[in-house]
There are 2 protein chains.
Amino acid sequence: MPADDGRVAALDRVLELTVLLGRDMAASLAASGLTVARTTLLWHLRAGPSTQRALADALGVSARNVTGLVDGLAESGLVSREPHPADRRATLVTPTPRGQELLDELARGQAELAGQLFGGLSRERLDGLVSVLDEVLERLRPLVPGGAAS
Amino acid sequence: MPADDGRVAALDRVLELTVLLGRDMAASLAASGLTVARTTLLWHLRAGPSTQRALADALGVSARNVTGLVDGLAESGLVSREPHPADRRATLVTPTPRGQELLDELARGQAELAGQLFGGLSRERLDGLVSVLDEVLERLRPLVPGGAAS
DNA sequence: CCTGCACCGTGAAGTGTCTTCACGGTATCG
DNA sequence: CGATACCGTGAAGACACTTCACGGTGCAGG
């Protein structure tokens, strides 16, 4: 069935892309003494401080795991735990000034990577790529538990 | 710079796709009692038996790690270690009949996923996607250490 | 008020994926 | 025959995850 071949070829490209991108991120983060999981948690703090429970839900991991990740980030001086003003059970995780600097740097690195990957593409091809990926994501989301999480 | 926005938007899509696909694979494999790393190793055995050294290079991990992964797969009865006919230092990792069955099943699952993700796309859009991804991969490969590995 | 239940975060224990370093066995080349 | 490079693995350890159990807190309902 030749119709299938094109689809499997596309999936192969996507799979290789995920592998390569994953390695690239892990390597560049490791150069800064970071790990992917901790950085992902920090990244979710751009919008502002957050409860560990909320972070666990957002990342799709157990609350216990968030405790460990925050431990590591706090030890590196990137986030701080502060008491929740209204709920004494919860703790608010907040980026420190150093964490904020790092977040800005991460955003710059992301823009740079985007430029390296998609820099020479015409407007049409780029728009086409985004629209196809949106369509694929729309189909993939319901297949994955917690796919609605951003 | 609005030109940058489109590129970052594309990268966002790719990143979300990575996360979702990773979860989907991990979940469906876990349902079969497998893990991603072990299955990846098994997947590289489709072409035939292989030395652990060769597997380490192909997967981009340390030789020690391959020992552990093969241990797990052997314990599950999916691969077997056999002496290399010409080099008594090396061991050849070979899929067992059960491992072969599993490989066939994995290939079917991959084709099914490709159908679910890209099924309704027109020939043009699918070809466009593959060509854009090939171009992006071409740029990404040199950025990643070991990017030449398949 | 105060009792029961749901919730927040964390200690304990365990699995899986990875690493580096050291070592014994083997191939190979001079 | 001997130096050297290579193959796989033991030992020890880092990190990302999990479930289960427990103490502290919030929030009703009686």
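Chain A is the first sequence line, chain B the second, and so forth, proteins listed ahead of strands; every chain is numbered from 1.
Although no hydrogens or angles enter the test, the distance criterion places a donor-acceptor pair under 3.5 Å between the side chain of A:Ser62 and the main chain of A:Asn65. For A:Thr91 (side chain) and A:Pro83 (main-chain N/O), no donor-acceptor pair under 3.5 Å exists by modelled atom type.
At the heavy-atom level, A:Arg64 lies under 4.0 Å from base atoms of the strands shown. Across all strands, A:Ser62 comes closer than 4.0 Å to base atoms (heavy-atom distances).
Distance B:Asp87 CG to C:dT28 P: 7 Å, rounded to the nearest Å. Here the P atom of nucleotide D:dG24 and the CZ atom of A:Arg53 are 20 Å apart, to the nearest Å. As rounded to whole Å, 13 Å separates atom C1' of C:dG9 from atom CG of A:Asp57. Atom-to-atom, CG of A:Leu55 to C1' of C:dT10 comes out at 16 Å; the value is rounded to the nearest Å. C:dT20 atom C1' lies 12 Å from atom CG of B:Asn65, rounded to whole Å. Atom C1' of nucleotide C:dC8 and atom CD of A:Glu82 are separated by 17 Å, given to the nearest angstrom. Atom CZ of A:Arg81 and atom P of C:dG9 are 9 Å apart (whole Å). Distance CZ (B:Arg23) to P (D:dT18): 11 Å, rounded to an integer number of Å.
Listed nucleotides: C:dC18, D:dT9, D:dC17. Nearest to the side chain of A:Val61: D:dC17. Distances from the side chain of B:Leu69 to the nucleotides D:dT25, C:dT10, C:dT17 place C:dT17 closest. Side-chain atoms of B:Thr67 lie closest to D:dG8 of the nucleotides D:dA16, D:dG8, D:dC7.
A side-chain donor from one of B:Glu82 and B:Ser80 sits under 3.5 Å from a side-chain acceptor of the other. Between the side chains of A:Thr94 and A:Arg81, no donor N or O sits under 3.5 Å from an acceptor N or O. Side-chain contact, A:Ser76 with A:Arg38: no donor N or O sits under 3.5 Å from an acceptor N or O.
If you find the closest nucleotide of DNA chain D to A:Arg88 and to A:Ala37, the one lying nearer the 5' end belongs to A:Ala37.
Look at A:Arg38 and you'll find a side-chain N or O under 4.0 angstrom from OP1 or OP2 of D:dA16.
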